[in-house]
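In what follows, a single structure is set out as structure tokens and then discussed.
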Amino acid sequence: MAERKVNLADVAQAAGLRTPIRHQLFIGGQFVDAASGETLATLNPHDNTPIADVALAGAADVDRAVEAATKALPAWRRLAAADRGRVLLKLADLIEANAEELARLESLDTGHPLRDSRALDVPRTAACYRYFGGMADKFQGETIPVEAGFLNYTLREPVGVVGQVVPWNFPLMFTSWKMAPALAAGNTIVMKPAEVTPLTSLKIAELMREAGLPDGVVNMVPGLGTVAGQAIAEHPGIHKIAFTGSTATGRKIVQASAGNLKKVQLELGGKGPNIVFDDANLVAAVNGSAWAIFHNQGQACIAGSRLILHERIADAFLDKFIALATSIRLGNPLDATTEMGPLTSQLHRDRVLGYVKVAREQGGEVLAGGKTPDGDLAKGCYVEPTIVRAKSPRDRIAQEEVFGPFVTVLTFKTDDEALAIANGTDYGLGSGLWTMNLPRAHRFAREIHAGMVWINSYKRVNPGSPFGGTGLSGYGREMGFDAMREYTQVKSVWVNVDAQIPPWYPR
Ligand code: NAD
């Protein structure tokens, strides 16, 4: 690979960063180059200029990381749970102390508007480590009322060395969702951030070391999915893989993990239905629906990407919705007034624009956007907020995940029709509904195929609230007690306290 000379100090200064950008792998508590010496440039999606040449992990580096995680496991799992928690609590404090640095780095690498990185990504990341820091010594086994004379209790033991692979859409937050419960439960980690957005993960590794995390407990191996990701999924020394990404890659992970029958947890794609009934508070529904799809440029698995409108209010809703969408301020993510930044990569921008073509071919009507903005932003990965009316719920734009600022509009006449449309894809992740009718709201909450339902709201997340999907959106849950269950295995212990057991082989 041709070596690219990026002046890290200049990039950092231009982005308002105070500390050096980490660009090496983190293995066994040390920042190191890849065994092959290879690097991959991570780009600023605002203008596609290189930020840093980041070490590119290969299979040999994954081996080194697994070795370090295996070595660190016995001491980490034996540590008192409260002491593991203390490290996570310290980390949460350090994240807050470095909040501006992390927010800027995340915005630089991903294109998240700085106002979102500051107000959401960083505080939610700190909150996640804090929640699981507090959880570490509160998650416990049970005593089971079995037959007289026996004591039966369960232990919740860590799974072991855990492989974690995350996508590029929320790197800072998603690594916390995976690492915090895994660490609280006593596992050690080999984490692979997405190759296009590794920077905040490496910064977190630095803060983990500062928080006192023992060497080897967390290892970061940014690299290509088909190389480092595949090596993690196949590795016989890894006992569980937790993956967030596309459904297509999820299938590959399941196959690759079959060798040693790893435990698998999958958070995959979505095509979130967002239903607006004719009794909804329209102002709130318009605003919430715009947030549901345009936050983070629509690059969210839970995005409300199918806007399902009652036909009685569809025109009034769309007038307001289009006016709002077309007024969203696009711009450099590092400008604090920007409301929507670029998509995270050129490749992805082209993929999203490809769906505008698909929509037109299938008779869809583009009501807003559908192109890159003119002027200065044309050289970055920008796409305007795009609203498209589909002809049928079976159209590709109503079935396939676009993963961009692209919302598909459908209409309905009856509740049953709305439910059929909502449940008419193979995904089942986020969903929303806007209504003042309480029985209807609860009926839909029960009957929608989804892991999360937001009523008169959309896209709320909290470290205590389970997050995950059904169907092609995957299985397993992040956050809350469910995440602790995912990262532990149950051991049942039987003790003969005073049972008089009749002999089975009387002699
Ligand atoms: P992706 O599947 O291409 O990549 C995700 C990660 O997997 C990256 O780190 C990548 O390097 C790695 N990877 C790629 N091929 C691999 C392989 N063969 N083996 C192991 N790892 C491999 O997905 P993406 O395009 O980066 O992310 C977008 C997708 O993620 C969307 O479909 C979105 O819905 C999904 N997503 C889901 C959730 C959720 O919680 N359910 C959250 C965010 C994103």
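Nothing here was measured: the structure is a model prediction, and the numbers come from that model. For ligands, and for the atoms within them, numbers begin at 1 and follow the listed sequence.
Under 4.0 Å is where a charged nitrogen must lie from a carboxylate oxygen, and between Glu67 and Lys71 no such pair does. A salt bridge is absent between Glu401 and Lys271; no separation between the charged side-chain nitrogens and carboxylate oxygens falls under 4.0 Å. With respect to the salt-bridge test (charged N to carboxylate O, under 4.0 angstrom), the residues Glu206 and Arg209 do not qualify. Between Lys178 and Glu267, none of the side-chain N atoms (NZ, or NE/NH1/NH2) sits under 4.0 Å from a carboxylate O, so this pair counts as no salt bridge.
Considering both main-chain and side-chain atoms, Gly225 comes within under 3.5 Å of ligand 1 through a nitrogen or oxygen pair. Residue-to-ligand polar distances place Lys192 within reach of ligand 1: an N/O pair is separated by less than 3.5 Å. In terms of polar-atom proximity, Phe467 is not counted as a contact of ligand 1, lacking any N or O under 3.5 Å from an N or O of the ligand. Here's the thing with Lys252: none of its N/O atoms is less than 3.5 angstrom from an N/O atom of ligand 1. Distances between N or O atoms of Thr247 and those of ligand 1 include no value under 3.5 Å. The shortest N/O to N/O separation between Gly223 and ligand 1 does not fall below 3.5 Å.
Scanning all protein heavy atoms for the shortest distance to atom 40 (O) of ligand 1 gives Glu267 CB, 3.1 Å.
When non-hydrogen atoms are compared, ligand 1 lies under 4.0 Å from the side chain of Glu401 (C-beta onward) but not from its backbone.
Comparing Gly476, Ala248, Cys301, Ser345 by heavy-atom distance to atom 36 (N) of ligand 1, the nearest is Cys301. In the candidate list Asn169, Leu429, Val166, Val166 is nearest to atom 6 (C) of ligand 1, counting heavy atoms. For the residues Thr249, Thr244, Val461, the heavy atom positioned nearest atom 5 (C) of ligand 1 is part of Thr244.
For Trp177 and Phe467, the gap between ring centers is short of 6.0 Å.
Close approach of ligand 1 to Glu195 is summarised as follows: ligand atoms under 4.0 Å from at least one heavy atom of the residue are 10 (C), 11 (O).
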